[in-house]
*Asks:* 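Let me begin by handing over the structure; questions about it come next.
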Amino acid sequence: MPYGKGGEMIEPDGMTFAVMIWILGLLITLFVALRGHAFGTKSLKHIAMRLGGMLTSTFVLVLAAVVTLNAKYGWYSSWQDVQAAVTGTPPTIEQHTHGQARTQEQKSEAAQQAQESDAAADSKYAAQRARYEAGLHLKPSATGQWININVPGIRMQGNDIGRVMVWLPPSYTSDTKRTYPVIEAFHGIPGGTLDYQRVFHLDASLRDAVSRGAMRDAIIIVPQEMPGGIDTECVDGGGLNMETWLTSMVPDYITKNFRAQASREAWTTIGVSAGGWCSSMATILHPDRYAGGASLGGYYSPQFDTWNPFKGKVPERYDLIAQVKKNPHPQSLWVLVSGADKLSGASSEAFIKAATAYDVTQVDLPHAGHRVGVWQSTFPDVFTWMGKTFPMFAASAGSTSQQSASPSPSSSPSAPSSQMQPSASPLTGRHRGLTHPVTGSTNGLVGLTPRTRG
């Protein structure tokens with residue numbers, strides 16, 4: 001990514017502003033080094049003056065480093081953005097709709113088909129789900145609960161590495177006949193599955209949306225799309241079929257073992273930054289699995305850094321702007337657009353212009369940067385959109401569950417892993433250049449090396 005915008009000294013993400021801070025810091029450092037002896041060394045006053053000069057020099061140099069990183073990654077795009085972050089002022093949101101929204105009749109027909117499909121799946125998997133749930137040893141919780149599981153299908157050095165975090169809403173343990181729609185959430189880079197629990201508090205936002213009647217309870221699943229710290233960009237390639245695992249194996253496993261609704265109408269995605277790319281890619285390339293998805297700070301073609309599994313040109317199927325023009329599908333998309341976001345702003349605008357055959361909700365934050373606080377502030381709007389757009393997520397939607405069959409004595413599916421420790425990072429999103437702690441080398445993947453930043 002290029003540094004800065006090319007010289008807006010009055011803006012916090014301008015490289016000229018960063019250079020000015022560096023010059024100031026170096027001048028203070030030189031003054032303290034060359035003239036510090038003039039303060040004297042005997043009195044407490046003189047010692048305090050020298051110490052103050054040293055601390056000032058250190059502070060300005062650290063500030064210069066932060067401003068330089070901000071110029072490169074665009075966390076804060078303007079002083080207005082900085083002020084909003086410091087004061088906690090919610091951003092001003094401008095919302096627009098584009099494309100072809102489904103009529104109420106089409107929604108009703110889709111909901112009817114979904115209910116029939118989900119009822120059939122619930123009947124088919126009732127016994128298996130009951131056995132699996134018994135193995136989880138769930139306890140009632142007023143706030144729901146996160147659990148860690150392993151989903152087979154993705155391997156490194158002969159070991160299963162398919163980690164997924166699952167959030168079950170409070171009603172999951174109290175209403176054992178109920179089935180739920182599913183939100184598949186994709187984390188950013190650097191980051192991990194724990195970000196949605198400990199940084200974004202996505203479950204709390206969803207509970208709030210349910211309590212205000214914006215949508216119904218849903219299951220959240222967060223797959224680890226960056227195993228071993230490797231930026232896979234969620235694609236199939238280089239010996240690791242991440243796309244297939246994320247969009248086929250994980251949904252199938254969740255549907256068979258949890259009380260998750262099976263139809264596409266009951267599945268949506270959400271993602272931030274690199275996870276926004278994964279969310280859009282999964283949604284657009286797999287319309288039979290997802291009714292729609294939300295992208296926050298995402299982009300629309302993979303951005304490889306130290307590793308490119310294709311050894312050259314990326315397959316056209318991963319150019320989502322080209323895909324929505326050539327192969328449109330009846331899906332609904334929620335897209336966060338910030339023209340000041342140097343990673344996602346321009347590509348998001350280009351994507352929306354191309355997706356004329358889709359039902360697109362465009363949410364503009366004109367001055368927002370590329371950071372956690374911006375994305376988190378929009379979660380209530382995303383959930384409201386889900387409840388209004390997808391019948392199976394509407395607050396009025398009922399469970400399609402039929403009477404569950406009694407557990408059979410047959411063997412249960414593989415038990416969830418109790419030793420998995422997904423990684424967390426407060427810097428969720430694509431921040432190229434930052435160091436992300438990873439271990440190991442190629443992990444047995446063709447041409448694959450862990451991404452490090454810095």
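Residues take their numbers from the sequence shown, with the count starting at 1. Being a predicted model, the structure only gives us computed values, none of them experimental.
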*Asks:* Please answer whether the main-chain N or O of Gly188 pairs with a side-chain N or O of Asp195 as donor and acceptor at a distance below 3.5 Å.
*Replies:*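 No; judged by distance alone, with no hydrogens or angles, the pair does not exist.
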*Asks:* Look at the side chain of Ser347 and the backbone N and O of Ser344, then say whether any donor-acceptor pair between them is shorter than 3.5 Å.
*Replies:*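 Present.
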*Asks:* If I compare all heavy atoms of Asn327 with all of Tyr358, which pair ends up nearest, and what's the gap?
*Replies:*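 Closest approach of Asn327 to Tyr358: O-OH, 3.5 Å.
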*Asks:* Should Ile221 and Val250 be marked as a side chain to side chain contact (heavy atoms under 4.5 Å, CB included) after you check the CA-CA gap, both sets of side-chain angles, and the distance that decides it?
*Replies:* CA-CA 9 Å; Ile221 62 173; Val250 169; 3.8 Å; yes
*Asks:* So, does Gln261 use its side chain to make a donor-acceptor pair with the main chain of Ser263 at under 3.5 Å?
*Replies:*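 Flag not set: sc Gln261 to bb Ser263 has no pair under 3.5 Å.
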*Asks:* Check Phe393 against Val182 and note the closest heavy-atom contact, atom names and distance.
*Replies:*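 Taking every non-hydrogen atom into account, CZ-O, 3.5 Å.
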*Asks:* Treating Gln224 as the side-chain partner and Gly192 as the backbone partner, does any N or O pair qualify as donor plus acceptor under 3.5 Å?
*Replies:*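 Pair absent, no side-chain N/O of Gln224 close to backbone of Gly192.
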*Asks:* Counting only heavy atoms not in Lys107, do more than 12 sit closer than 6.0 Å to its NZ atom?
*Replies:*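 Result for NZ/Lys107: enclosed.
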*Asks:* Looking only at non-hydrogen atoms, find the nearest pair between Leu296 and Phe379 and report the distance.
*Replies:*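 Distance-wise, the nearest heavy atoms are CD2-CE2, 3.8 Å.
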*Asks:* Does Arg259 qualify as a cation-pi partner of Tyr172, given the criterion of NZ or CZ under 6.0 Å from the six-membered ring centre and within 45 degrees of its axis?
*Replies:*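 That pair qualifies as a cation-pi contact.
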*Asks:* May I ask you to decide whether Arg207 forms a salt bridge with Asp203, counting only side-chain N to carboxylate O separations under 4.0 Å?
*Replies:*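 Asp203 and Arg207: salt-bridged.
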*Asks:* Grab the two heavy atoms, one from Cys234 and one from Met242, that are nearest each other, plus how far apart they are.
*Replies:*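 It is CA-CG, 3.7 Å.
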*Asks:* Taking the side chain as C-beta and beyond, is there a heavy-atom pair between Ser348 and Tyr299 under 4.5 Å?
*Replies:*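 Ser348 does not reach Tyr299 side chain to side chain.
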*Asks:* Thr232 side chain to Glu225 main-chain N or O, any donor-acceptor pair under 3.5 Å?
*Replies:*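 Yes; at least one donor-acceptor contact below 3.5 Å.
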*Asks:* Would the distance check show the side chain of Gln376 and the main-chain N or O of Phe200 forming a donor-acceptor pair, the cut-off being under 3.5 Å?
*Replies:*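 Pair found, side chain donor or acceptor close to backbone of Phe200.
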*Asks:* Short question: side chain of Ser280, backbone of Gly276 - any donor-acceptor pair under 3.5 Å?
*Replies:*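 Indeed, once roles are kept as given, a pair shorter than 3.5 Å links the two residues.
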*Asks:* Run the side chain to side chain contact (heavy atoms under 4.5 Å, CB included) test on Thr361 and Val335 for me, step by step, so that the C-alpha distance in whole Å, both residues' side-chain angles and the decisive distance to 0.1 Å come before the verdict.
*Replies:* CA-CA 6 Å; Thr361 297; Val335 181; over 6 Å; no
*Asks:* Heavy atoms only: give me the nearest Arg212-Pro380 pair and the separation to one decimal.
*Replies:*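 Shortest heavy-atom separation between Arg212 and Pro380 comes out as NH2-O, 3.0 Å.
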*Asks:* Does this structure show an ion pair linking Glu243 with Arg317, if we count only N-O contacts that are shorter than 4.0 Å?
*Replies:*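 Answer for the salt bridge query: yes.
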*Asks:* Should the pair Glu265-Arg102 be classified as a salt bridge under the 4.0 Å nitrogen-to-oxygen rule?
*Replies:*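 Answer for the salt bridge query: yes.
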*Asks:* Okay, side chain of Tyr196, backbone of Phe186: is any donor-acceptor separation there less than 3.5 Å?
*Replies:*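 Between the backbone of Phe186 and the side chain of Tyr196 there is a qualifying donor-acceptor contact (under 3.5 Å).
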*Asks:* Hey, what's the ring geometry for Trp277 with Tyr318, parallel, tilted or perpendicular (30° and 60° as the breaks)?
*Replies:*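 Perpendicular: the ring planes of Trp277 and Tyr318 meet at over 60°.
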*Asks:* Would you confirm whether Ser117, through its side chain, and Gln113, through its main-chain N or O, come within 3.5 Å as a donor-acceptor pair?
*Replies:*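 Not a single qualifying donor-acceptor pair exists.
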*Asks:* Name the orientation class of the two ring planes belonging to Phe351 and Tyr300 (parallel below 30°, tilted from 30 to 60°, perpendicular beyond 60°).
*Replies:*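 It falls in the parallel class, under 30°.
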*Asks:* Assess whether side chain to side chain contact (heavy atoms under 4.5 Å, CB included) is satisfied between His187 and Thr193, documenting all intermediate values.
*Replies:* CA-CA 6 Å; His187 62 79; Thr193 55; 4.2 Å; yes
*Asks:* Specify whether Tyr132 and Phe258 have parallel, tilted or perpendicular ring planes, treating 30° as the upper limit for parallel and 60° as the lower limit for perpendicular.
*Replies:*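 The arrangement is perpendicular - the two ring planes meet at more than 60°.
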